[in-house]
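First the structure, in the form of structure tokens, and then the observations on it.
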Amino acid sequence: LHTMTQMTTAYYIFACALAWTFRASSAAPLTQIGPALAVDARAFAYDGGDVAYVLGTNTLSAITLRGTPSVTPLDDLSDIGPCDALSLYKANTTSVWSSATRLAIVCAGSNTFATYGVEPTRAKRLFTLANEKRIAGVRSVVVVDRSLAFVAAEVHSRVVAVSLDVHEKRAPEARGNYQLSSVREVTKGVVDRQTIRVTSGTSRRVTTLKYSEAGTLQLVGSVKDSRLAGAVGSCVGVDDGKSRTYTYVVSSQMKGGTLSILDSSEFGAPQFIVGMHAGGDREDWLDWSPHAHEDLRGASDVSVFGDDAYIAASDAGAIVVVDVRNVERPVVKDKLASDALSGVNRIEASPDGKFILAVVPRGANADPANADSGVDTVIVASTDDDVIAAAPSGRRRSLFSM
């Protein structure tokens, strides 16, 4: 009996220690900070953890995140819009702008690539590469260093290299390209390998390309899989660490909402690891079932920081946090659900993982009788206890639910 008592006590101490360790290492539940911000929003780019630049259809704005989040309009892009994507980088000079922070912006409507010098309260358009047929239908952009960017151009299904003058005396110039069956989104791969990844839900492909300093591209590998059909968002991690060895893709069309994870750690074709689906019946005979993860309904975008994948679940009206430490068995661990998030379709984690920005498009809150009555809104959420505690009294509202 004494031995059993000792064993029971030891087990209790172990369980408590394990629980304490889990609490100490787990982020706080996602909590909305203040009200939804009304701002034209298509894409984000963070400048550290305090400021995010927001690209709208025809506008450029800045969101200050600390304290009470606020929006500052920076510029009107209607002469080159509607615009689609942006990428932030640091210049090696401040001779043309008082800070080194730059944005590369692409607009499919005018086949335009533009660069901006930006600060939280003002911006200046530096150069414009407009009406360029080689980037026709440009939808996505990633700046891999201060002298080289790549864009995904849908019309001709190409990834096109765009050179940037490090001295900022000449306009960007479209150079070499790589032809694929279709393209939609381009993101950085593992940085020290000089790779980028290209996704397309139309062709159900994820492709890895290697680039040279001159902008030439060569195929590393490509995978085609029916589970990638309708893919609308992809991410390889917002940091430069281990998360870039995987590719995370979501689709709102596949089985009601799907998160797919591919292994891109080796040179060659990315390997499909797992698909996690909203639809289908749970297979209880399996240790982990790929089906019946209802929280993923309408999965429309994904952003990854460390071991967490943040998913915009449009139909569920939620930001869903999936633990991807075990890439073969991802687990939904948190959810921020609210009527304010109904229709959410964009999401981006900050480089330090403390803030999550999500977009609810104007169509989701428009009057059914007047489609133009809605406005884009940005939900500011945080996983950091200190940030939450610093939110002004009366403007903090926890929407965490499971």
Side-chain angles (χ1 to χ4, degrees), residues 24-56 59-75 86-91 94 97-103 105 116-124 235 237-241 243 301 303-308 310 312 318-319 321 334 336 338 340-341 344 346-360 375-400:
S25 61
S26 298
L30 283 176
T31 301
Q32 182 176 334
I33 307 297
L37 303 173
V39 55
D40 187 14
R42 298 286 294 274
F44 305 112
Y46 289 92
D47 191 7
D50 295 336
V51 175
Y53 294 101
V54 185
L55 179 69
T59 61
L60 179 64
S61 306
I63 296 179
T64 302
L65 296 169
R66 298 292 175 182
T68 303
S70 60
V71 178
T72 302
L74 299 180
D75 201 18
L86 77 167
S87 181
L88 184 143
Y89 64 104
K90 297 293 184 177
T94 58
W97 186 247
S98 54
S99 76
T101 304
R102 301 288 184 267
L103 296 177
I105 292 173
Y116 268 84
V118 289
E119 295 175 6
T121 58
R122 61 197 187 108
K124 177 183 178 182
C235 185
V238 297
D239 62 342
D240 290 337
S243 60
D301 199 15
S303 184
V304 179
F305 179 84
D307 294 325
D308 292 326
Y310 298 93
I319 300 171
V321 188
D334 286 347
L336 174 64
S338 168
L341 285 164
V344 59
R346 293 285 185 275
I347 196 162
E348 189 80 22
S350 63
D352 57 8
K354 292 183 179 181
F355 287 100
I356 312 297
L357 293 181
V359 175
V360 177
V375 294
D376 290 345
T377 57
V378 173
I379 305 295
V380 182
S382 181
T383 63
D384 185 82
D385 286 325
D386 293 335
V387 171
I388 294 170
S393 176
R395 298 180 67 84
R396 171 188 166 198
R397 183 162 60 103
S398 177
L399 301 177
F400 176 74

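Quick caveat, the model's predicted, so the values are computed rather than measured.
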- request: Check whether any side-chain N or O of T383 sits under 3.5 Å from a backbone N or O of G353 as a donor-acceptor pair, and report yes or no.
  value: yes
field: Short side-chain to backbone donor-acceptor contact, S303 and A349, under 3.5 Å
entry: yes
message: Could you work out, with side chain to side chain contact (heavy atoms under 4.5 Å, CB included) as the rule, every residue matching S98, not counting sequence neighbours?
response: E119, R122
- request: Indicate whether the side chain of D352 and that of S350 have a donor and an acceptor atom separated by less than 3.5 Å.
  value: yes
Quick one: pull up [atom1] in [X] and [atom2] in [Y] and give me the separation to the nearest 0.5 Å.
| X | Y | atom1 | atom2 | answer |
| --- | --- | --- | --- | --- |
| I356 | S382 | CD1 | OG | 8.0 Å |
| L341 | L336 | CG | CG | 5.5 Å |
| Y46 | Y53 | OH | OH | 13.5 Å |
| S70 | L37 | OG | CG | 8.0 Å |
| F44 | L357 | CZ | CG | 4.5 Å |
| L30 | I379 | CG | CD1 | 12.0 Å |

Contact summary for [X] and [Y], nearest pair of heavy atoms:
| X | Y | value |
| --- | --- | --- |
| A62 | P120 | CB-O, 3.5 Å |
| D334 | P29 | OD2-CA, 4.3 Å |
| I319 | A358 | CD1-CB, 3.9 Å |
| P351 | G48 | CD-O, 3.4 Å |
| V360 | A340 | CG2-O, 3.2 Å |
| D376 | A41 | OD2-N, 3.0 Å |

field: Y310 vs V304, side-chain contact (heavy atoms from CB on, under 4.5 Å): CA-CA, chis, key distance, verdict
entry: CA-CA 6 Å; Y310 298 93; V304 179; over 6 Å; no
Which residues pass the side chain to side chain donor-acceptor pair (under 3.5 Å) test with [X], not counting sequence neighbours?
| X | result |
| --- | --- |
| Y116 | D75, R125 |
| T121 | none |
| R346 | none |

message: The test is side-chain contact (heavy atoms from CB on, under 4.5 Å); show your working for L103 and L60 and say whether it passes.
response: CA-CA 10 Å; L103 296 177; L60 179 64; 3.8 Å; yes
- prompt: Any salt bridge (charged side-chain N to carboxylate O under 4.0 Å, His left out) pairs touching residues 45-54, not counting sequence neighbours?
  reply: D47-K90, D50-R66
message: Set out, in order, the CA-CA distance, both residues' side-chain angles and the distance that settles side-chain contact (heavy atoms from CB on, under 4.5 Å) for I63 and V378, then state yes or no.
response: CA-CA 10 Å; I63 296 179; V378 173; 3.9 Å; yes
- request: Report yes if the side chains of T377 and V39 come closer than 4.5 Å at any heavy-atom pair, otherwise no.
  value: no
- prompt: With a 4.5 Å limit on heavy-atom distance, are the side chains of R102 and W97 in contact?
  reply: yes
